[in-house]
Amino acid sequence: MLLYNVTLILEESAADEWLQWMQETHIPEVMATGMFVSNRLLKVLDSPNEGVTYCTQYVAESMENYDQYQQVYAPALQEDLNEKFKNRFVAYRTLMEFVPPTS
């Protein structure tokens, strides 16, 4: 299982519009690709950055699903974000692997 984390630091003036767009449009579109089994949206409370910081996390069952998402779906979905909120955010993305607990 993999966790794909997208962190965005938004200008305060764009935060409310972005949040609504994420909940109503973007996250449903990402989930409709079928490449992820779950998602969550978190607001960072103690960010050292100016603006408002959110993390959107998606869980993929396999590297193949993640790779297919990146190759087939991500470019257009990221372009939608870039067009709608141009110059009002900074984003960085990380891919993490779940580590099973030891007995």
Side-chain angles (χ1 to χ4, degrees):
M1 298 281 280
L2 302 169
L3 180 77
Y4 175 47
N5 183 82
V6 182
T7 301
L8 269 88
I9 305 165
L10 296 140
E11 291 180 359
E12 288 192 31
S13 63
D16 290 343
E17 179 186 359
W18 177 87
L19 182 59
Q20 181 178 357
W21 177 77
M22 283 295 288
Q23 293 173 321
E24 295 177 1
T25 304
H26 188 74
I27 292 173
E29 288 176 345
V30 171
M31 294 307 294
T33 67
M35 298 297 106
F36 300 103
V37 296
S38 66
N39 71 84
R40 74 182 116 209
L41 180 61
L42 304 103
K43 183 176 182 180
V44 177
L45 299 178
D46 63 351
S47 176
N49 303 301
E50 289 186 29
V52 182
T53 303
Y54 284 95
C55 296
T56 311
Q57 299 179 337
Y58 304 96
V59 175
E61 288 187 326
S62 67
M63 185 62 81
E64 291 78 18
N65 285 0
Y66 172 78
D67 287 341
Q68 184 174 355
Y69 173 78
Q70 288 298 328
Q71 293 170 9
V72 176
Y73 303 103
L77 290 166
Q78 290 175 11
E79 184 59 29
D80 289 346
L81 169 69
N82 292 333
E83 285 181 18
K84 187 156 186 63
F85 297 97
K86 186 175 184 169
N87 299 322
R88 298 192 290 168
F89 74 95
V90 175
Y92 60 94
R93 296 164 175 85
T94 51
L95 180 64
M96 296 170 261
E97 182 177 44
F98 285 90
V99 177
T102 58
S103 300

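Just so we're clear, the structure is a prediction, and the values are computed from it rather than from any experiment.
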Find the distance between [atom1] ([X]) and [atom2] ([Y]) and round it off to the nearest 0.5 Å.
{"X": "His26", "Y": "Asp80", "atom1": "NE2", "atom2": "CG", "result": "8.0 Å"}
{"X": "Tyr58", "Y": "Thr33", "atom1": "OH", "atom2": "OG1", "result": "9.0 Å"}
{"X": "Thr25", "Y": "Leu77", "atom1": "OG1", "atom2": "CG", "result": "11.0 Å"}
{"X": "Leu10", "Y": "Glu50", "atom1": "CG", "atom2": "CD", "result": "13.5 Å"}
{"X": "Gln57", "Y": "Asn5", "atom1": "CD", "atom2": "CG", "result": "4.5 Å"}
{"X": "Thr56", "Y": "Arg40", "atom1": "OG1", "atom2": "CZ", "result": "11.5 Å"}

If Ile, Leu, Val, Met, Phe, Trp and Tyr residues are connected whenever their side-chain heavy atoms lie under 4.5 Å apart, and connections chain through other members, are [X] and [Y] in the same group?
{"X": "Met96", "Y": "Val44", "result": "no"}
{"X": "Leu3", "Y": "Met1", "result": "yes"}
{"X": "Leu2", "Y": "Met31", "result": "yes"}
{"X": "Val30", "Y": "Leu81", "result": "yes"}
{"X": "Met63", "Y": "Tyr4", "result": "yes"}

Asn49 atom CG, neighbour heavy-atom count above 12 within 6.0 Å:
yes
Taking atom CD as the centre, does Glu79 end up with more than 12 heavy-atom neighbours from other residues, nucleotides or ligands that are less than 6.0 angstrom away?
yes
So Tyr69 and Phe36, would you call those rings parallel, tilted or perpendicular, with 30° and 60° as cut-offs?
perpendicular
Verify side-chain contact (heavy atoms from CB on, under 4.5 Å) between Thr94 and Thr7, making sure each step is shown before the conclusion.
CA-CA 8 Å; Thr94 51; Thr7 301; 5.8 Å; no
Closest approach of [X] and [Y], non-hydrogen atoms and distance?
{"X": "Met22", "Y": "Pro28", "result": "O-CD, 3.6 Å"}
{"X": "Ala91", "Y": "Arg93", "result": "CB-NH1, 3.9 Å"}
{"X": "Pro75", "Y": "Gln70", "result": "CD-O, 3.3 Å"}

Can we say Glu17 and Arg88 salt-bridge, meaning some charged N sits less than 4.0 Å from an Asp/Glu carboxylate O?
yes
Trace of the side-chain contact (heavy atoms from CB on, under 4.5 Å) decision for Phe89 with Ile9:
CA-CA 5 Å; Phe89 74 95; Ile9 305 165; over 6 Å; no
Where do Tyr73 and Met35 land on the side-chain contact (heavy atoms from CB on, under 4.5 Å) test, with the steps shown first?
CA-CA 9 Å; Tyr73 303 103; Met35 298 297 106; 4.0 Å; yes
Tyr92 and Val6: side-chain contact (heavy atoms from CB on, under 4.5 Å), yes or no, with the steps?
CA-CA 6 Å; Tyr92 60 94; Val6 182; over 6 Å; no
